[in-house]
2 protein chains.
Amino acid sequence: MPSRRSRRPKGQGGLLRADLLASAERILAAEGDGKRLSIRAVASGAGVTPPSVYRHFNDKAELLRAVVQARFEAFDAFLDAATSDTAPPCEQLRRRCHAYLEFARSQPASYRLLFSATELGPEALGTEGVDWHPGAPSFFRLVDSVGRCLTSRRPHDAANAMFVAMLVWTQLHGIADLQLSKPELPWPAATELIDHALVGLDLLDRPTPAKAAVRRRKSDR
Amino acid sequence: MPSRRSRRPKGQGGLLRADLLASAERILAAEGDGKRLSIRAVASGAGVTPPSVYRHFNDKAELLRAVVQARFEAFDAFLDAATSDTAPPCEQLRRRCHAYLEFARSQPASYRLLFSATELGPEALGTEGVDWHPGAPSFFRLVDSVGRCLTSRRPHDAANAMFVAMLVWTQLHGIADLQLSKPELPWPAATELIDHALVGLDLLDRPTPAKAAVRRRKSDR
DNA sequence: TGTACATCAGTGAACGCGCGTTCACTGATGTAC
DNA sequence: TGTACATCAGTGAACGCGCGTTCACTGATGTAC
């Protein structure tokens with residue numbers, strides 16, 4: 001907990017905005033959930049008193065919107081980093097899926113902030129009826145990846161990319177969210193679950209026994 | 001909001017317990033989420049002042065545990081009602097899945113209370129490290145249903161019922177939870193999504209075009 | 001070069017809110033004599 | 001049959017907490033003259 005920070009010189013008050021966002025990200029990384037993401041906690045994490053926050057954000061919803069925006073960007077970067085190579089399209093999709101699950105596992109509070117039903121609905125964000133969807137780019141990246149895989153395997157099905165992407169996404173979210181909310185169950189590795197589902201959707205080859213053994217040896221969790 | 005209720009005669013104070021649970025269920029049915037499930041709201045909904053609650057529950061966690069227990073029983077009953085007939089095993093499974101999605105859609109606050117990551121973790125329920133799992137019967141019902149379907153289609157795979165059931169469950173939860181948390185997206189019918197996934201897992205026959213058309217005509221949402 | 005002044009980043013105290021929980025109590029009900 | 005009493009369902013007031021937000025302010029910084 002940084003104590004009182006020194007005041008910014010005159011033109012640079014705006015730097016506090018970045019400090020507040022960094023403080024929010026630190027809170028998300030430290031806490032298992034986002035319930036502690038209060039104005040007071042974020043201010044204190046930045047070494048500042050609560051009223052200072054209002055110099056940079058009109059209200060809590062505006063602060064949260066900025067945090068969500070930043071976290072979606074980090075999420076996209078994390079997934080893109082896992083796929084930035086020259087592997088074939090369906091292997092890229094598979095890696096993107098594994099990265100999705102790894103993000104949820106390693107940053108549960110961020111994951112829930114972005115995707116979980118109850119964490120922050122449109123009400124909390126003040127975006128009811130608005131077409132502001134900070135997660136849209138993430139979703140279309142997945143649709144693209146699915147589309148490329150489909151094109152390479154079943155070109156006549158490429159028009160279904162959106163529908164298939166929704167199947168993949170809901171499968172990923174179900175695995176990620178339930179493994180977080182019901183940790184006491186004897187879960188298999190998240191990657192094993194999604195690989196099986198991808199095989200079922202014909203987006204991945206059924207592994208040969210040998211490949212499966214190697215994969216199992218490498219699997220996390 | 002019932003105003004002050006009349007006092008119970010002497011031996012029957014215990015009836016308030018049932019009234020409190022009923023009040024909690026009413027709140028869950030009325031609110032989109034479970035955030036209003038406070039001691040004060042539950043008491044007020046039963047026409048009683050907050051301290052009365054402590055005559056029947058030691059603290060809020062105990063009240064919540066009772067609510068969760070009751071809601072899981074309602075959930076199981078709802079799913080069982082959808083499958084209590086003589087259809088073949090895989091059709092029973094399919095109906096169970098559709099009922100799961102219908103429960104989530106029609107009772108979102110209850111669904112989130114039972115299954116969503118952030119609504120009520122073990123911390124809120126005071127069940128950390130305890131083997132108290134009120135949802136276990138629901139899960140094993142699904143494992144059974146998947147097992148029967150597997151046995152009828154691929155007897156040599158019946159030992160995988162648990163793994164396959166987890167795939168089905170995570171798929172169901174992903175559909176249910178994301179449709180609740182991102183209502184602004186252009187979702188296809190939930191039943192169409194799960195049917196497609198069941199086909200992929202070889203738990204359902206790929207529909208013929210004719211069947212698919214009929215199914216589409218009947219589909220909800 | 002020195003001084004008065006406007007700017008503005010950040011403070012301190014307070015507001016009203018809903019929350020879980022505790023405490024001493026009230027007063028109708030049923031029972032014992 | 002009448003009365004004293006124990007039981008116990010439920011109350012009213014208060015506690016301390018963390019929250020989002022508002023308000024008048026302070027005081028260092030940079031600028032104008």
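So you know, we letter chains A, B, ... as the sequences are listed, proteins then strands, and number each from 1.
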Legend entry - d(CG, A:Leu15; C1', C:dA9) in whole Å: 11 Å
Legend entry - Separation of C:dC8 C1' from A:Arg17 CZ (nearest whole Å): 18 Å
Inset, instruction - Mind running side-chain contact (heavy atoms from CB on, under 4.5 Å) on A:Leu193 and B:Phe163 for me, showing each step along the way? - result: CA-CA 8 Å; A:Leu193 285 167; B:Phe163 182 88; 3.9 Å; yes
Inset, instruction - Before accepting this row, confirm whether a basic side-chain N of the pair A:Asp80/A:Arg96 lies closer than 4.0 Å to the acidic partner's carboxylate O. - result: yes
Inset, instruction - Taking side chain to side chain contact (heavy atoms under 4.5 Å, CB included) as the test, write out the residues that go with A:Arg55, two or more places apart. - result: none
Legend entry - Pairing of B:Glu91 and B:Arg94 as salt bridge, 4.0 angstrom limit: yes
Inset, instruction - For the helix from C:dG2-D:dC33 to C:dC33-D:dG2, measure the angle between the helix axis at one end and the axis at the other, each built from five pairs, rounding to 10°. - result: 20°
Legend entry - Contact letters for nucleotides 20-27 of chain C, in which S counts primed atoms plus P, OP1 and OP2 and B counts the base, heavy atoms under 4.0 Å: BBBB---B
Inset, instruction - May I have the distance from A:Lys35 (atom NZ) to C:dC19 (atom P), rounded to whole angstrom? - result: 16 Å
Legend entry - Pair B:Gln92-B:Ser145, side-chain donor/acceptor within less than 3.5 Å: no
Legend entry - Presence of A:Ser52 side-chain N/O under 4.0 Å of C:dG10 phosphate oxygens OP1/OP2: no
Legend entry - Distance-only side-chain donor-acceptor flag, A:Ser110 / A:Arg71, under 3.5 Å: yes
Inset, instruction - Taking atom CZ of B:Arg141 as the centre, report whether more than 12 heavy atoms of other residues, nucleotides or ligands fall under 6.0 Å from it. - result: yes
Inset, instruction - Begin from the C-alpha positions of A:Arg65 and A:Glu62 and carry the test salt bridge (charged side-chain N to carboxylate O under 4.0 Å, His left out) through to its verdict. - result: CA-CA 5 Å; A:Arg65 262 177 270 144; A:Glu62 193 173 312; 5.1 Å; no
